[in-house]
Visitor: 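Once you've had a glance at the structure underneath, I'll fire off some questions.
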Amino acid sequence: MEPIEIGLWVSGGMLVMVVLGMRVAFAAGLAGFVGLVWLRWNGFDYDPDRFWKAFEISVKIAGLTPHSKVSAQVLSLIPVFIMIGYLAYYAKLTTALFEACKRWFAWVPGGLAVSTVFATAGFAAVSGASVATAAVFARIAIPEMLKIGYNKQFAAGVVAAGGTLASLIPPSAILVIYAIIVEQDVGKLLLAGFIPGAFSAIVYATLIIGIALIFKNVGPPVRGFTWGQRFASLPPALPIVAVVVIIIFFVYNPFGDAWGTPTEGGAVGAFIVFLMALWKGMRWGQLKEALLETAKLTVMIFTIIWGVLIYVRFLGFAELPDAFASWITSLEMAPLLILVCILLAYAVLGMFMDAIGMLLLTLPVVYPAVMALNGGEMVSAADSAFGMSGPMCAIWFGILVVKMAEFCLITPPIGLNCFVVAGVRDDLNVQDVFRGVAPFFVADAVTIALLVAFPGIVLWLPSLAG
C-alpha cells in the first residue's frame with residue numbers, strides 16, 4: 001500500500017474518533033501512532049516477525065517528537081499571556097477598563113454593548129485566552145446591560161462575540177501556536193494581529209449601533225457622564241495601555257532596535273500586572289486561583305499540541321501535505337477562489353471542532369498548499385499569485401485562519417465562548433447565547449472579506465518591521 005493511502009485511511013479514522021466525541025489530543029495522538037506503526041510495518045512488507053520492530057521505532061518517534069517541539073522557548077509565551085489575563089482580572093483592571101469605556105461610549109445607540117466590545121478588545125491586549133475574556137465580561141458587562149433593559153440574548157451575544165477578539169489581538173495564544181506549527185516569526189505575527197483585531201472591534205461596534213438604531217428597544221443609550229468623570233476613569237485603566245506598549249516595543253521598536261524577544265516582553269508585562277494586582281489588594285487565595293487556572297488552560301493547550309505533533313510527524317512520513325499541495329495547485333480555478341473555498345471549509349469544520357485543535361490538525365496539510373498556491377515559500381511579490389512575498393503570505397494567511405478560529409468560537413453546536421457565557425450566567429441557557437451571537441456572523445463575514453480583499457490591513461505593521 002502506498003504511504004499516501006495509509007495517510008488517508010488514518011486521517012479518516014481520526015476524524016471518526018473526533019466526531020464520536022474523543023478529545024482531539026487523544027484522537028490525533030492515537031491516530032498518529034497507529035499510522036507510524038502501519039507505515040513502518042508496511043515498509044517491512046507486513047512481515048509478522050518484524051511487527052515489534054516497527055512498533056519499537058514508532059514508540060521512539062512518538063516519544064521524541066513532542067519534546068523536540070514543546071521544549072522551544074517561544075512556547076513559554078502561552079502560559080505567560082494566559083497568566084497576564086487572569087492577573088489583570090484580580091488587579092481589577094477589567095472593571096476599570098469597562099468603566100472607562102462605558103463613560104466614553106455609552107451615549108451612542110447600543111452604547112453599553114459598544115463599550116463592552118471595546119473593553120473586551122482592551123482586555124484582549126493583555127489576555128491570550130478568548131474563554132477567559134468571555135467569562136470575565138459575562139460577570140461584569142451582562143448585569144450592567146440587563147439593568148437598563150437590554151435584551152438578555154443580545155447582551156449575551158455581545159459578550160460571547162467580543163471575547164473572540166482575544167484570539168487575534170496580541171498577546172494571542174493561537175497566533176503563537178500558528179507560528180510554531182508553520183515555523184514563522186512570532187513577533188511579526190503578533191504585530192500583524194493588532195490592526196485586524198482593532199478593525200474587527202470597530203466592525204462589531206458598527207453592527208451594534210446599526211441594530212440599536214433599527215430596533216429602538218434593543219440597546220438604549222446611557223447619558224449623564226461629565227467630561228470630568230470621563231477623564232477620571234482613564235488612570236485606573238492605564239496599566240493595560242502600559243502592558244500593550246511594552247509588548248509592542250519588545251516585538252518592534254519604531255525608534256530603534258527592539259528591546260528584546262516577545263517572550264521577554266510578555267514576562268515583563270506579566271510582572272507589571274502582578275505588581276498592580278498586589279497594589280489593588282490581591283490575596284494569596286486569588287493568586288493561587290490565577291496560577292491554577294493558568295496551569296489548567298496551559299496543560300490543555302500543550303496536551304493538544306503533543307497529540308497533534310505525533311499526527312503531524314506521521315503526515316510527513318505519509319507525504320500527505322505534499323500530495324494535497326500538488327492537488328490544490330493543479331486545480332483550474334483562480335487562486336483567490338481556492339483560498340475562499342479553504343476558508344469556507346474552516347467555517348464548516350469549526351462547527352464540530354475547537355479552534356486550537358482545528359488549526360493544529362489542518363495547518364500541516366493546508367498551509368503548504370496555500371504557500372504553493374501563492375508560488376512557494378520564497379516567491380517574490382512580483383511573481384506571486386496573491387501579490388505578496390512568501391513570508392508575507394504566511395503572515396496574511398495566519399491572520400485569516402485565526403480570524404476563522406474566532407468565528408468558530410461562536411458557531412453552533414460547539415461554539416465554546418457561548419457555552420462559557422451560559423455557564424457563568426444562571427439566567428441564560430446556551431440557546432439564548434447562540435441566538436444572541438447570530439448577527440455577529442455577518443460582522444465576521446464582512447471582516448474576513450475585507451481582510452482578503454485588502455491584505456494591507458494585515459501586512460502594514462509587519463512590513464515596517466522589515
Visitor: Hey, does L359 have a side-chain heavy atom less than 4.5 Å from the side chain of Y178?
Guide: no
Visitor: Assign the ring pair Y346 / F397 to parallel, tilted or perpendicular, where the plane angle (0 to 90°) is split at 30° and 60°.
Guide: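 Taking F397 first and then Y346, their aromatic rings sit tilted (interplane angle of 30° to 60°).
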Visitor: Is the W52 ring parallel, tilted or perpendicular to the F55 ring (thresholds 30°, 60°)?
Guide: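 Perpendicular: the ring planes of W52 and F55 meet at over 60°.
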Visitor: Dump the intermediate steps for side-chain contact (heavy atoms from CB on, under 4.5 Å) on V452 and L343, then the final yes or no.
Guide: CA-CA 10 Å; V452 171; L343 295 178; 3.9 Å; yes
Visitor: I'd like to know if the side chain of Y367 pairs up with that of E183 as donor and acceptor (distance under 3.5 Å, no hydrogens or angles considered).
Guide: no
Visitor: For residues V437 and T411, determine if any side-chain heavy atom of one lies less than 4.5 Å from a side-chain heavy atom of the other.
Guide: no
Visitor: Could you give me the CA-CA distance, side-chain angles and deciding distance for W38 and W9, then say whether side-chain contact (heavy atoms from CB on, under 4.5 Å) is met?
Guide: CA-CA 11 Å; W38 191 352; W9 276 106; 4.0 Å; yes
Visitor: How long is the span from the CZ atom in F314 to the CD1 atom in I61, to the nearest 0.5 Å?
Guide: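 With rounding to 0.5 Å, CZ (F314) is 11.5 Å from CD1 (I61).
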Visitor: Checking S58 side chain against V37 main chain: does a donor-acceptor pair fall under 3.5 Å?
Guide: yes
Visitor: Looking at side-chain heavy atoms only, is the closest gap between L36 and V59 below 4.5 Å?
Guide: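 No, every pair of side-chain atoms sits at 4.5 Å or beyond.
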Visitor: Using side-chain heavy atoms (C-beta onward) and a distance below 4.5 Å, is F386 in contact with P335?
Guide: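 A side-chain contact exists here, since the closest heavy-atom pair is under 4.5 Å.
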Visitor: Rounded to the nearest 0.5 Å, what's the gap from CG on L373 to CD1 on I342? Could you check?
Guide: 6.5 Å
Visitor: Please check: side-chain N/O of N374 versus main-chain N/O of M388, any donor-acceptor pairing under 3.5 Å?
Guide: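 Answer holds: yes.
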Visitor: Decide if atom CZ of F271 counts as having more than 12 heavy atoms of other residues, nucleotides or ligands within a radius under 6.0 Å.
Guide: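 For F271, atom CZ is not crowded (no more than 12 foreign heavy atoms under 6.0 Å).
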Visitor: When you measure from the centre of the six-membered ring of F317, is the NZ or CZ of R40 closer than 6.0 Å and no more than 45° off the axis?
Guide: yes
Visitor: Look at the side chain of S384 and the backbone N and O of A381, then say whether any donor-acceptor pair between them is shorter than 3.5 Å.
Guide: yes
Visitor: Taking the side chain as everything from C-beta on, heavy atoms only, tell me whether T164 gets closer than 4.5 Å to T133.
Guide: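 Of all side-chain heavy-atom pairs linking T133 with T164, none is under 4.5 Å.
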Visitor: If you compare all heavy atoms of V402 against all heavy atoms of S167, which two are closest, and at what distance to 0.1 Å?
Guide: CG1-O, 3.1 Å
Visitor: Return the CG to CD1 distance between L461 and I195, rounded to the nearest 0.5 Å.
Guide: 4.0 Å
Visitor: What orientation do F302 and W306 show, parallel under 30°, tilted 30 to 60°, or perpendicular over 60°?
Guide: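 The rings of F302 and W306 stand perpendicular, inter-plane angle above 60°.
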Visitor: Does any part of the side chain of I395, heavy atoms only, come nearer than 4.5 Å to the side chain of L459, both counted from C-beta?
Guide: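 A side-chain contact exists here, since the closest heavy-atom pair is under 4.5 Å.
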Visitor: Locate the shortest heavy-atom distance separating A270 from V80; write the atom from each residue and the value.
Guide: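 Shortest heavy-atom separation between A270 and V80 comes out as CB-CG1, 4.2 Å.
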Visitor: Around F44, counting heavy atoms of other residues, nucleotides and ligands shown, do more than 12 lie under 6.0 Å from its CZ?
Guide: yes
Visitor: Judged by modelled atom types alone, do T447 and D444 share a side-chain donor-acceptor pair under 3.5 Å?
Guide: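 Not at all, the side chains of T447 and D444 share no donor-acceptor pair under 3.5 Å.
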Visitor: With no hydrogens and no angle check, is any side-chain donor or acceptor of D432 less than 3.5 Å from a backbone partner on Q153?
Guide: no
Visitor: So, the side chain of W396 versus the backbone of L451: is there a donor-acceptor pair under 3.5 Å, distance only?
Guide: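 Such a contact is found between W396 side chain and L451 backbone.
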Visitor: With a 6.0 Å cut-off (strictly less than), is the heavy-atom count around CZ of F454, excluding the residue itself, greater than 12?
Guide: no
Visitor: Side-chain contact, heavy-atom cut-off 4.5 Å: S330 with W327?
Guide: yes
Visitor: Which pair of non-hydrogen atoms, one from I142 and one from A156, has the smallest distance, and what is that distance?
Guide: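 In terms of heavy atoms, the two residues are closest at CD1-CA, 4.0 Å.
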Visitor: Between M371 and V379, is a side-chain contact (heavy atoms from CB on, under 4.5 Å) present by the stated rule, with each step listed?
Guide: CA-CA 9 Å; M371 297 305 292; V379 70; over 6 Å; no
Visitor: If we ignore hydrogens and angles and just use 3.5 Å, is the side chain of E293 paired with the main-chain N or O of A290 as donor and acceptor?
Guide: no
Visitor: Out of curiosity, M17 CE to L30 CG, how far, rounded to the nearest 0.5 Å?
Guide: 4.5 Å
Visitor: Any idea which heavy atoms bring G7 and A318 closest together, and the distance?
Guide: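 Taking G7 first and A318 second, the nearest heavy atoms are CA-CB, 4.0 Å.
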Visitor: Measuring from I410:CD1 to F434:CZ, what's the distance to the nearest 0.5 Å?
Guide: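 So the CD1 of I410 and the CZ of F434 are separated by 9.5 Å.
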Visitor: State, with a plain yes or no, whether a side-chain heavy atom of V10 is found less than 4.5 Å away from one of I6.
Guide: yes
Visitor: Please name the pair of heavy atoms, one in M333 and one in C341, separated by the smallest distance, quoted to 0.1 Å.
Guide: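 Nearest pair, atom of M333 first, then C341: CE-SG, 4.3 Å.
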Visitor: Between D47 (side chain only) and D49 (backbone N and O only), is there a donor and an acceptor less than 3.5 Å apart?
Guide: yes
Visitor: Identify the two heavy atoms, one from L207 and one from P439, that lie closest to each other, and give their separation to 0.1 Å.
Guide: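 Of all heavy-atom pairs spanning L207 and P439, the closest is CD2-O, 3.3 Å.
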Visitor: So S200 and L165, side-chain contact (heavy atoms from CB on, under 4.5 Å) or not? Walk me through it.
Guide: CA-CA 8 Å; S200 295; L165 296 173; 3.7 Å; yes
Visitor: Report the distance from atom CD1 of I140 to atom OG1 of T116, rounding to the nearest 0.5 Å.
Guide: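 Rounded to the nearest 0.5 Å, the CD1-OG1 separation comes out at 9.5 Å.
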